[in-house]
J.: 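Here's a structure for you.
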Amino acid sequence: MIRVLLVHDTYLLRTALAALIGRETDLEVSSTSWPGAVATSRTLRPQVCVVDMDSPDAVGPRGIRELSRRCYEGDGGFSLLALASAGRPGPLRRAYEERALGFLSKNASPDRLIEGIRRVAKGERYIDESLGFGFLEASEMPLTRRELSVLSLAAEGASIGEIARSLCLSNGTVRNYMAAITRKTGARNRVDAIRISQCAGWV
């Protein structure tokens, strides 16, 4: 039996996906939102975590980075299978940098999801071919992982202070990141940097 933890912030989609996965006789599934992901993984000790990378909470203090750290601590480690959108290379890159083993398009068929879970549970890399171009775009992004995290929170309307608290940074450090983001994107200001990055699918 493969223990699966599904991390998705939209309750209706989360329950529907959990029901789909749970129909398989060799898969035992639990689900949670991003804020409860790390705590649930400690209790459940899953073999595979299926994570929605499009959620703003994926970049928060209890997001993909903390879940990845938990995954590789050796305390009942598990593999990550990232659900990503082909047109958003930013979340795809974050999942890759946090050592996700599998990558599945959110437009993939249910059969592909089940196949991905089983492959990742065996320790095999699983990449949906439709994400190939997204990986190419992700490799060309000028922003670092931390800059993407800062920008993603800024795009959600978070203030400098809120971003700093969420990522455990000082206000000055966040301002420095925003200045670097503005420079690298060729933007006029913070709002323009967010617009450019959203059009490019980075956030």
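Predicted model only: the values in this text are computed from it and were never measured.
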J.: Nearest 0.5 angstrom please: L92 CG to F103 CZ, how far?
T.: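 Going from the CG atom of L92 to the CZ atom of F103 covers 6.5 Å.
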J.: Can you tell me if E28 uses its side chain to pair, donor with acceptor, with the backbone of R3 under 3.5 Å?
T.: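 Side chain of E28 to backbone of R3: no pair is present.
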J.: So does Y126 have more than 12 non-hydrogen atoms from other groups sitting under 6.0 Å from OH?
T.: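 Result for OH/Y126: enclosed.
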J.: Walk me through whether V150 and V174 qualify under side chain to side chain contact (heavy atoms under 4.5 Å, CB included).
T.: CA-CA 7 Å; V150 169; V174 173; 4.3 Å; yes
J.: Within the structure provided, determine whether I194 and L151 are in side-chain contact (heavy-atom separation under 4.5 Å).
T.: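 Touching, per the 4.5 Å side-chain cut-off.
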J.: Starting at CG of L148, measure out to CZ of R145 and round the result to the nearest 0.5 Å.
T.: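 Here the interatomic distance stands at 10.0 Å.
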J.: Please say yes or no: joined through hydrophobic side-chain contacts below 4.5 Å, possibly via intermediate residues, are I114 and L13 part of one cluster?
T.: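 In one cluster with I114: L13, no.
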J.: Can you see which heavy atom on G157 is nearest to which on E162, and at what distance?
T.: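 Of all heavy-atom pairs spanning G157 and E162, the closest is O-OE1, 4.2 Å.
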J.: I would like to know whether I196 and K184 meet side chain to side chain contact (heavy atoms under 4.5 Å, CB included); could you show each step before the answer?
T.: CA-CA 11 Å; I196 290 170; K184 288 182 178 182; over 6 Å; no
J.: Can you list the steps and then say if K106 with D52 is a salt bridge (charged side-chain N to carboxylate O under 4.0 Å, His left out)?
T.: CA-CA 9 Å; K106 295 175 85 170; D52 172 31; 2.8 Å; yes
J.: Rounded to the nearest 0.5 Å, how far does OG of S105 lie from CG of L113?
T.: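 If I round to the nearest 0.5 Å, the distance is 11.5 Å.
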J.: Which atom names give the shortest non-hydrogen contact between A154 and R190, and what distance separates them?
T.: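 Minimum heavy-atom separation between A154 and R190: CB-NH2, 3.7 Å.
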J.: Which heavy atom of F78 sits nearest to which heavy atom of C49, and what is that distance?
T.: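 Looking at all heavy atoms of both residues, the closest pair is CE1-SG, 3.6 Å.
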J.: Taking the side chain from S197 and the backbone from A193, do they hold a donor-acceptor pair closer than 3.5 Å?
T.: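 Flag set: sc S197 to bb A193 pair under 3.5 Å.
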J.: Taking all heavy atoms of E98 and all of S68, pick out the closest pair and write down the distance.
T.: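 It is O-OG, 2.9 Å.
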J.: Measure from the side-chain N and O atoms of T15 to the backbone N and O of L12, and report whether any donor-acceptor pair falls under 3.5 Å.
T.: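 A pair under 3.5 Å: yes.
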J.: Quick one, W34 and V51 - any side-chain contact, counting heavy atoms below 4.5 Å?
T.: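 Touching, per the 4.5 Å side-chain cut-off.
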J.: May I ask whether L81 and I2 are part of the same hydrophobic cluster, defined by side-chain heavy atoms of I, L, V, M, F, W, Y residues being less than 4.5 angstrom apart, directly or through others?
T.: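 Yes: a chain of side-chain contacts under 4.5 Å links L81 to I2.
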J.: Is the shortest heavy-atom distance from the side chain of D57 to the side chain of P35 under 4.5 Å?
T.: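 In short, these two side chains touch, coming nearer than 4.5 Å.
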J.: So how far is it from L131 CG to R88 CZ, rounded to the nearest 0.5 Å?
T.: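 CZ of R88 is found 13.0 Å from CG of L131.
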J.: Show, in sequence, the C-alpha distance, side-chain angles and deciding distance for D128 and S130, and conclude whether the side chain to side chain donor-acceptor pair (under 3.5 Å) test is met.
T.: CA-CA 5 Å; D128 190 329; S130 68; 3.0 Å; yes
J.: What about L20 and I117, same hydrophobic cluster or not, with Ile/Leu/Val/Met/Phe/Trp/Tyr joined at side-chain heavy-atom distances under 4.5 Å?
T.: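 Per the 4.5 Å side-chain linkage, L20 and I117 are co-clustered.
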J.: Can you tell me how far the CG atom of N171 sits from the CG atom of N176, to the nearest 0.5 Å?
T.: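 Answer for the CG-CG pair, N171 versus N176, is 11.0 Å.
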J.: Minimum heavy-atom separation for L80 and V120, please, with both atom names.
T.: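 Taking L80 first and V120 second, the nearest heavy atoms are O-CG1, 4.2 Å.
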J.: Which heavy atom of V29 sits nearest a heavy atom of A18, and at what distance?
T.: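 Looks like CG1-O, 3.3 Å.
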J.: Measuring only between side-chain heavy atoms, which start at C-beta, is S152 closer than 4.5 Å to R94?
T.: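 SC-SC contact between S152 and R94 confirmed.
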J.: Could you give me the CA-CA distance, side-chain angles and deciding distance for V191 and R195, then say whether side chain to side chain contact (heavy atoms under 4.5 Å, CB included) is met?
T.: CA-CA 6 Å; V191 173; R195 179 190 61 78; 5.7 Å; no
J.: Do E115 and R112 sit within salt-bridge range, that is, some charged N less than 4.0 Å from a carboxylate O?
T.: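 The answer is yes: the pair qualifies as a salt bridge.
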J.: Any side-chain heavy-atom pair from S31 and H8 closer than 4.5 angstrom?
T.: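 Contact flag for S31/H8 side chains = no.
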J.: Rounded to the nearest 0.5 Å, how far apart are CG of D192 and OG1 of T185?
T.: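 If I round to the nearest 0.5 Å, the distance is 7.0 Å.
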J.: Answer yes if I163 and L169 sit in the same cluster of Ile, Leu, Val, Met, Phe, Trp and Tyr residues linked by side chain heavy atoms under 4.5 Å apart, and no otherwise.
T.: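 Linked, I163 and L169 end up in one cluster.
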J.: Can you confirm whether R125 is buried at CZ, in the sense that more than 12 heavy atoms of other residues, nucleotides or ligands lie under 6.0 Å from that atom?
T.: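 More than 12 within 6.0 Å, yes.
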J.: Return yes if some donor-acceptor pair links the side-chain N/O of R93 with the main-chain N/O of L143 below 3.5 Å, else return no.
T.: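 Yes, R93 side chain to L143 backbone: donor-acceptor pair under 3.5 Å.
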